[in-house]
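A quick write-up on the structure given underneath.
Numbered from 1 within each chain, the chains take letters A, B, ... in sequence-line order.
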Amino acid sequence: MSTRSDRTYDPIAIEREWQARWDREGTNSFTLDELRTAERPFYNLMMFPYPSAEGLHVGNIYAFTGADVHGRFRRMQGRDVFQPIGFDAFGIHSENFALKAEVHPMDLIPANVANFTRQLRRMGGMFDWGHTVDTTAPEYYKWTQWLFLQFFRHGLAEQKEAPVNWCPSDMTVLANEQVVVGACERCGTPVEQRFIRQWFLRITEYADRLLDNLPGIDWSDTTRKAQRAWIRRSRGAEIRFPTTGAAGERANGDHPAAIPVFTTRPDTIFGATYMVLAPEHPMVDAVTANAAREEVDAYRARTRAMDLVARQKIEKHKTGVFTGGYCVNPATGAPIPVWIADYVLMAYGTGAVMAVPGHDERDFDFATAYGLPIVRVVADEGEDADTPLAIAYEYPQGTLVNSGRYDGLSPEEAQRAIVEDLAAEGMAENRVSHRLHDWCISRQRYWGPPIPIIHCEGCGPVAVPEEDLPVVLPRVEDFRPDESGVSPLARVRDWYEVACPSCGRGATRETDVSDTFLDSAWYFLRYPSTDFPDRPFDDEVTRRWLPVDTYIGGNEHAVLHLLYARFVAMALHDMGRLDFEEPFTRFRAHGLIIREGAKMSKSKGNVIIPDPIIERYGADTFRLYLMFLGPFMAGGDYRDRGISGPHGFLHRLWESVVPRDGELAGGPPDPELEPRLHRTIKRVTEQVRALRYNTGIAAMMEYLNAVRAGGRTPVRAEVEPLVRLVAPFAPHIAEELWRRLGNGGSIFDGANWPEFDPEKAAERQVRVAVQVNGKVRGTVSAPRGADREAVVALARAEANVARHLEGTEIRKIIHVPDRLLNLVVAGKAARIR
RNA sequence: GCCGGGGUGGUGAAAUCGGUAUACACAGGGGACUUAAAAUCCCCCGGGAGCAUUCCCAUGCGGGUUCGAGUCCCGCCCCCGGCACCA
């Protein structure tokens with residue numbers, strides 16, 4: 001017996017009830033057996049959140065809702081959709097917050113995770129809560145450490161002393177990717193350069209494959225382009241310039257035989273009038289003449305102090321110092337001076353350049369500033385060997401001049417010939433260089449998984465035996481980093497003093513922890529295998545579920561996380577652990593939500609707090625509104641009042657299925673509405689598949705408006721399909737209406753997405769626009785598929801069209817069936833006013 | 001500077017194999033129902049001219065191609081994001 005209140009849409013009560021029911025009945029979760037036997041597996045992945053103390057923000061909810069809609073849609077189309085979620089809870093972010101709030105991260109994180117879990121359930125995500133991961137749980141980071149050891153064993157992890165970015169505020173090393181215009185991306189503090197022994201993963205070994213695989217994966221174009229730009233491959237040559245002893249006496253007699261440079265323009269070598277080394281180049285000492293030493297050392301000290309900060313400011317005028325040393329241009333045989341300058345970066349190529357001021361803008365600036373010779377070696381059309389250069393001529397077009405026997409060749413031909421000839425003398429070879437650097441994973445911090453290495457004086461760095469994993473992060477009350485440049489773990493003697501696993505003598509643990517990006521580079525492998533405590537990922541389950549079918553996330557991770565994850569998968573593939581090398585078959589980057597035209601930020605105080613909105617309107621309305629704001633992949637502008645649109649829509653939908661008085665009538669759909677219904681099914685299906693949720697929702701609204709037009713009462717056959725269409729967006733109301741339509745179980749069990757019937761979608765009469773000379777002068781109603789003559793006849797009968805045709809002669813007729821007719825006429829038509 | 005993405009009503013946005021520009025929604029105005037409110041329903045809503053059928057103009061700016069251009073081509077301007085002395 002239904003009461004009046006029972007017939008009112010009460011989103012809060014319905015959502016509570018259905019969420020409890022999903023949990024109780026395991027609607028969204030897989031048992032191990034189901035994971036092993038799923039017949040149409042679909043792995044729907046979204047980027048797991050960092051569980052901040054503030055709770056889920058709208059950006060998270062937007063991304064997760066969009067991904068959830070996609071997962072629910074696939075499920076309604078009959079796929080077995082595995083949609084896990086987890087927490088990326090290690091890292092500087094959490095640690096800094098803990099320091100500020102004076103809480104221990106081991107206490108802070110579980111509370112945040114609990115809060116996130118509550119919020120994620122509340123928004124109605126189709127998450128498999130039986131397969132979550134938490135990167136800070138020892139049972140997870142045990143395998144992160146295991147992963148590191150696989151890299152170590154295969155020679156892909158190495159320790160090297162390297163110039164690194166040091167953030168003096170966070171007191172840690174940062175990856176290049178974490179430095180934004182010379183400043184720490186976390187806190188904005190200018191970054192300094194330090195030399196520290198670090199662990200690196202050799203991602204550069206995979207640079208070419210990471211690049212070459214890109215065209216074959218179905219990813220957002222912007223993301224692939226960002227990766228391509230980040231890896232950036234340059235083809236060129238390495239050329240050795242022999243040093244000369246002609247520069248007078250040196251401090252040490254054994255100066256290096258030759259200095260290698262990398263260049264993409266070997267064709268311009270005859271214009272190389274000097275050489276420049278990076279100030280930190282290891283050969284600087286050896287080439288420097290005693291007379292110049294003081295000045296050189298001063299310059300190097302100055303560079304080092306301001307490194308990576310001032311050095312990245314583009315407008316800065318170029319500075320440098322002559323070392324007093326010379327080397328020989330192997331092409332001309334002439335001695336050229338060796339300078340050091342901070343515009344040459346140690347981290348790229350060989351850290352040394354042959355300076356060709358005539359054909360490189362930077363070299364030109366430098367040569368101009370220091371009075372070094374500028375020689376033209378390429379002439380464009382209308383120029384010759386003596387045409388003066390007002391600016392560097394950088395285009396690889398024209399012909400070579402002032403280049404001995406290579407004169408007259410095109411730059412392209414000359415590149416080949418010069419490298420070939422120098423190679424014959426052992427002075428050069430072709431080389432490919434990448435902008436991508438190796439991945440530094442060492443962090444001198446506390447809140448991360450300890451790197452599972454033991455340093456032994458006799459044996460060197462030794463892997464912690466796998467049976468000893470995890471190396472548990474000890475609870476340390478004083479985890480504040482300090483200036484020393486070593487991890488707080490280096491203060492915990494009874495933790496780091498251990499016996500060498502190899503020789504048994506006294507040894508010490510590595511005290512650095514690893515980068516958070518290592519945690520997140522493999523989490524998607526763990527999700528389906530969380531039932532296995534004894535292995536990182538189970539082969540059988542992995543074969544069934546991976547690679548990931550659809551991955552949705554923010555484009556801010558285009559070059560960090562997504563590149564590392566690809567690298568890890570590729571390396572595991574080569575180690576024989578995975579049978580695929582690209583982990584994400586399809587990736588889509590979602591857009592960003594702004595509010596009332598402005599970026600949301602805590603300082604502006606315009607951040608949307610989701611909880612109160614959900615409590616007022618319900619999760620369904622909030623989800624629907626977020627998806628309605630704009631194209632999912634572009635983002636949208638959150639206008640506070642706009643939520644009433646989707647809210648009203650859901651109310652009207654409810655009212656249509658659960659009329660206030662009486663029951664929903666049966667019977668066939670209105671013949672006028674049936675084609676609209678089927679066209680709506682078609683549109684929504686296509687648009688949801690393409691993640692164009694906003695227009696899919698608009699199509700549903702349009703249809704419901706038509707169904708209810710003039711206050712008419714719909715019948716069941718008209719609204720039941722709409723309940724199915726709306727389900728991915730508003731799952732709770734869909735479940736409830738589905739139940740009230742007399743169905744048992746969940747709408748998401750079984751392939752309940754409505755079928756599109758092209759027969760029923762076809763309309764008998766269509767509106768055809770009639771143009772005269774390209775301007776619309778009327779529309780006519782014609783039978784579908786009417787031929788040109790029939791439509792012309794109808795058009796001539798249309799009063800306004802006839803008026804425009806009066807006194808004219810039809811020269812040409814353009815007919816687009818069922819859409820448009822354009823009558824091209826000559827005569828007085830132009831005079832009608 | 002280079003590489004992306006984008007400029008359409010008061011607002012968020014539709015329409016891109018060239019084919020009725022402004023769907024859907026918000027805001028605004030008017031009306032029905034109601035004791036009232038909410039909810040619901042109906043009508044109007046780019047600019048200009050006109051009593052009106054209707055006509056002209058409008059998709060950042062200037063050209064072009066075409067029967068027809070928001071969509072294609074050429075040259076600019078502006079906004080957002082990324083990269084940035086990479087030899």
Side-chain angles (χ1 to χ4, degrees), chain A residues 8-9 180-181 221-226 228-230 232 234 236 261-265 268 276 311-316 318 341-345 347-356 359-363 365-366 433-437 555-556 558-559 591-592 594 596-597 599 625 628-631 633-646 648-649 651-652 655 660 692 694-703 705 708-712 767-779 799-800 803 811-816 819-825 832-833:
Chain A
T8 308
Y9 177 38
V180 179
V181 213
D221 224 35
T222 51
T223 314
R224 283 189 299 193
K225 282 181 173 141
R228 193 168 299 131
W230 191 261
R232 198 155 89 190
S234 299
V261 303
F262 174 74
T263 177
T264 53
R265 294 294 304 275
T268 63
V276 188
R311 279 181 76 168
Q312 294 204 1
K313 294 217 173 104
I314 188 146
E315 292 301 337
K316 193 186 68 135
K318 293 185 170 46
D342 65 3
Y343 79 93
V344 173
L345 308 173
Y348 185 76
T350 61
V353 302
M354 62 175 214
V356 184
H359 303 279
D360 182 282
E361 195 188 329
R362 297 152 302 176
D363 297 339
D365 290 349
F366 192 76
S433 200
H434 298 96
R435 204 200 78 127
L436 182 71
H437 298 149
N555 223 7
E556 69 271 21
V559 290
L592 298 176
I594 57 172
E596 313 275 346
K599 222 175 188 170
Y625 181 46
F628 184 61
L629 287 176
M633 288 184 281
D637 188 352
Y638 190 99
R639 305 260 153 185
D640 292 0
R641 290 211 273 191
I643 198 167
S644 59
F649 169 74
H651 266 103
R652 288 190 290 277
E655 172 88 2
R660 207 160 289 206
R692 299 212 314 259
N694 56 331
T695 49
I697 293 166
M700 289 189 263
M701 289 173 164
E702 217 171 312
Y703 175 68
N705 288 346
R708 294 168 60 86
R712 79 180 276 280
R767 303 294 304 174
V768 178
V770 182
Q771 299 181 335
V772 178
N773 283 350
K775 287 194 190 290
V776 180
R777 298 303 181 186
T779 61
N800 197 44
R803 197 164 65 87
R811 287 283 172 80
K812 194 171 171 185
I813 298 171
I814 284 125
H815 181 224
V816 182
R819 298 213 64 170
L820 173 137
L821 183 75
N822 187 11
L823 304 170
V824 185
V825 302
I832 293 181
R833 281 288 170 268

For nucleotides 24-26 of chain B, which of its nitrogen or oxygen atoms have a protein nitrogen or oxygen under 3.5 Å away, and what is each distance?
unit_1, atom_1, unit_2, atom_2, d
B/rA25, OP1, A/N705, ND2, 2.9

Dot-bracket notation for RNA chain B, counting Watson-Crick and G-U pairs under 3.5 Å, with | for partners on another strand: (((((((..(((......[....))).(((((.......))))).((((....))))..(((((..]....))))))))))))....

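- Taking the side chain of A/S234 as heavy atoms from C-beta on, and the options B/rU20, B/rG5, B/rA87, the nearest nucleotide is B/rA87.
- Side-chain nitrogen and oxygen atoms of A/K775 include none within less than 4.0 Å of the OP1 or OP2 phosphate oxygen of B/rA21.
- Side-chain contact between A/V353 and A/V261 is absent, with no heavy-atom pair separated by less than 4.5 Å.
- Not a single donor-acceptor contact under 3.5 angstrom links the side-chain atoms of A/E556 to the base of B/rG82.
- Across the C1' atoms, B/rU22 and B/rG5 are found 22 Å apart, a figure rounded to whole Å.
- At a threshold of 4.0 angstrom between heavy atoms, the contacts of A/D637 are confined to the sugar-phosphate backbone, with no base atom among them.
- Within the 4.0 Å cut-off from OP1 or OP2 of B/rC41, at least one side-chain nitrogen or oxygen of A/R708 is found.
- Scanning for side-chain hydrogen bond (donor to acceptor under 3.5 Å, both in side chains) contacts around A/T350 gives an empty result, with sequence neighbours left out.
- Phosphate proximity of B/rC55 to A/R777: present, with a side-chain N or O under 4.0 Å from OP1 or OP2.
- At the heavy-atom level, A/A352 lies nowhere under 4.0 Å from the strands shown.
- Once rounded to the nearest 0.5 Å, the distance linking OG1 of A/T263 with CE of A/M354 reads 4.0 Å.
- Remark: A/Y638 engages A/Y625 in a ring-ring contact (aromatic ring centres under 6.0 Å, His included) (not counting sequence neighbours).
- Look at the C1' atom in both B/rA27 and B/rC78: the space between them is 27 Å, to the nearest Å.
- For A/R708, the side-chain hydrogen bond (donor to acceptor under 3.5 Å, both in side chains) partners are A/S656, not counting sequence neighbours.
- Partners of A/H815 under the ring-ring contact (aromatic ring centres under 6.0 Å, His included) rule, at least two apart in sequence or in another chain, do not exist in this structure.
- Between B/rA87 and B/rG7, the distance separating the two C1' atoms is 37 Å to the nearest Å.
- Remark: A/N694 is in phosphate contact with B/rA14, judged by side-chain N or O atoms under 4.0 Å from OP1 or OP2.
- Take A/F628 and apply the ring-ring contact (aromatic ring centres under 6.0 Å, His included) test, not counting sequence neighbours, and it matches no residue.
- Using atom P as the reference point in both B/rA14 and B/rG6, the two lie 11 Å apart (nearest Å).
- Remark: A/N694 pairs with no residue by the side-chain hydrogen bond (donor to acceptor under 3.5 Å, both in side chains) rule, at least two apart or across chains.
- Comparing A/H434 and A/H651 against RNA chain B, the residue whose closest nucleotide sits nearer the 5' end is A/H651.
- Only the P atoms considered, B/rG50 is 39 Å distant from B/rU40, to the nearest whole Å.
- Phosphate proximity of B/rU20 to A/N822: absent, as no side-chain N or O sits under 4.0 Å from OP1 or OP2.
- For the C1' atoms, the distance linking B/rG1 with B/rU20 amounts to 45 Å, nearest Å.
- Separation of the C1' atoms belonging to B/rG18 and B/rA13 is 22 Å when rounded to the nearest angstrom.
- A distance of about 28 Å separates the C1' atoms of B/rG64 and B/rC55, rounded to the whole Å.
- Residues satisfying the side-chain hydrogen bond (donor to acceptor under 3.5 Å, both in side chains) test with A/R712, not counting sequence neighbours, are A/E718.
- OP1 or OP2 of B/rC83 has not a single side-chain nitrogen or oxygen of A/K225 nearer than 4.0 Å.
- In this structure, B/rG81 shows a glycosidic angle more than 90 degrees from zero, which is the anti conformation.
- The aromatic rings of A/Y348 and A/F262 sit perpendicular, their planes meeting at an angle over 60°, well past the 30° parallel limit.
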